[in-house]
Amino acid sequence: MKFAVIVFPGSNCDRDMYYAAKDALGEEADMLWYQEANLEGYDAILLPGGFSYGDYLRSGAIASTSEIVVQLREQADKGVPILGVCNGFQILLESGLLPGAMLRNKNLKFMCHFESLNVVNNDTLFTSKYEKGEVISIPIAHHDGNYYCDDETLATLKENNQIVFTYQNNPNGSVSDVAGIINEQGNVLGMMPHPERAVEAILNSDDGLKLFQSMLENWRERYVAGA
Amino acid sequence: MKLVKVHITLKEGVLDPQGKAVQGSLNTLGYDNVKEVRVGKYLELTVHDDANIESEIEDMCNKLLANPVIENYSYTVEEGVAQ
């Protein structure tokens with residue numbers, strides 16, 4: 001399986017993402033500079049965390065206008081799995097690939113610590129290796145992680161089972177404790193916590209590894225088993 | 001040239017933690033009559049004269065300057081200084 005990690009100016013979790021795919025999962029991965037990236041031929045796309053364009057205007061807003069987002073939309077429409085973590089999630093929101101927006105954390109602080117998440121939906125290509133209701137420990141590291149959407153959007157998210165992860169102890173004020181959501185089609189996941197920082201026991205948790213293993217398993221089922 | 005002044009504010013009902021903190025500070029300073037503070041953004045754009053300036057500004061606001069999910073915008077177009 002071949003992963004693309006898109007690198008924006010200001011990305012700082014791109015190497016962690018690359019490490020998770022390449023070393024922890026043991027698959028192929030390329031780090032692609034956002035201006036030169038050609039996303040054709042990749043089996044999954046990873047949007048890393050960081051502070052693209054220094055979070056100017058709004059987190060993820062400037063990156064969401066770059067040409068790479070046109071390609072992202074095409075790949076999303078084709079059903080290619082896209083995972084956006086932290087700033088990657090913010091870019092997905094700002095580009096409209098996922099509904100809602102991010103506000104500053106309720107306590108106004110940058111927070112960096114482990115959080116307990118509930119796996120609310122394990123019927124996705126990103127979470128099939130988790131148990132439904134499983135509690136996992138994944139670190140957060142953000143200033144603008146307070147997920148907001150209007151009541152109508154929230155009702156739709158719930159109805160379609162698009163809320164994939166919730167916080168056990170909501171750290172940032174997100175509506176309905178939302179930590180991660182998926183698009184209706186089921187191939188674009190955005191989450192504030194960093195699964196790529198929790199892929200080995202030596203990192204205090206390897207609960208994030210199953211997310212990447214789920215992607216791999218799904219890809220094998222789709223493309224290898226039938227071949 | 002035209003000078004466009006754009007104001008971006010959080011929509012009603014959207015929590016503004018920053019505004020709350022500023023309000024708390026004002027109250028601490030003794031300004032007890034301040035009941036709410038909402039923090040927004042102000043941008044000045046110097047643009048070439050164009051018949052479609054208003055629809056262009058609205059496009060800019062919807063596509064980038066404001067996030068319609070959480071923010072409202074308003075703007076004025078004034079005579080700018082020729083550069």
Side-chain angles (χ1 to χ4, degrees), chain A residues 52-67 69-70 73 87 89-111 142-157 170-178 181 190, chain B residues 3-29 31 34-48 50 52-77:
Chain A
S52 59
Y53 293 93
D55 277 352
Y56 293 166
L57 197 63
R58 294 178 308 278
S59 306
I62 308 284
S64 76
T65 64
S66 55
E67 193 274 334
V69 173
V70 178
R73 269 186 237 284
N87 191 229
F89 184 14
Q90 292 162 341
I91 293 169
L92 291 173
L93 292 171
E94 281 287 341
S95 59
L97 280 158
L98 288 173
M102 282 299 168
L103 297 167
R104 181 119 304 181
N105 292 342
K106 204 173 173 182
N107 65 1
L108 298 172
K109 289 184 179 134
F110 179 89
M111 290 184 290
H142 60 246
H143 205 166
D144 296 323
N146 180 352
Y147 178 78
Y148 173 84
C149 65
D150 60 28
D151 294 342
E152 201 181 321
T153 308
L154 185 63
T156 310
L157 287 177
N170 190 340
N172 50 30
S174 294
V175 294
S176 276
D177 305 325
V178 165
I181 56 169
Chain B
L3 179 64
V4 182
K5 296 178 174 177
V6 183
H7 287 267
I8 293 164
T9 51
L10 278 177
K11 280 185 176 171
E12 212 178 309
V14 174
L15 193 77
D16 181 5
Q18 203 183 345
K20 272 243 173 315
V22 174
Q23 183 214 331
S25 291
L26 287 172
N27 292 159
T28 305
L29 288 172
Y31 299 105
V34 179
K35 294 299 169 212
E36 192 183 18
V37 175
R38 307 282 284 171
V39 175
K41 293 189 188 106
Y42 170 67
L43 298 94
E44 289 185 346
L45 283 63
T46 303
V47 297
H48 285 292
D50 184 333
N52 296 321
I53 190 163
E54 298 204 340
S55 67
E56 262 185 20
I57 293 295
E58 279 166 35
D59 272 356
M60 290 181 208
C61 286
N62 286 319
K63 282 185 192 160
L64 178 66
L65 301 181
N67 181 337
V69 178
I70 46 171
E71 294 169 326
N72 290 323
Y73 62 84
S74 62
Y75 63 90
T76 57
V77 181

- Message: Nearest 0.5 angstrom please: B:K41 NZ to A:L57 CG, how far?
- Response: 5.0 Å

- Query: At a heavy-atom separation under 4.5 Å, does A:L103 approach chain B through its side chain, its backbone, both, or neither?
  - Reply: side chain

- Interchain contact, A:N105 with chain B, by part (heavy-atom threshold 4.5 Å):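 Backbone only.
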
For [X], look at atom [atom1] and say whether over 12 heavy atoms of other residues, nucleotides or ligands are found less than 6.0 Å away.
X      : atom1 : answer
A:F110 : CZ    : yes
A:E152 : CD    : no
B:Y42  : OH    : yes

- Message: Are there residues of residues 3-14 of chain B whose heavy atoms fall under 4.5 Å of chain A's heavy atoms? If so, which?
- Response: B:L10, B:V14

- Message: Does anything in residues 96-111 of chain A form a salt bridge (Lys or Arg N to Asp or Glu O under 4.0 Å)? List the pairs, not counting sequence neighbours.
- Response: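 The answer is A:R104-A:D144.
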
For the residue pair [X] and [Y], what are the closest heavy atoms and their distance?
X     : Y      : result
A:A61 : B:L64  : O-CD1, 3.7 Å
B:I70 : A:Y148 : CG2-CD2, 3.3 Å
B:N67 : A:A101 : ND2-CB, 3.5 Å

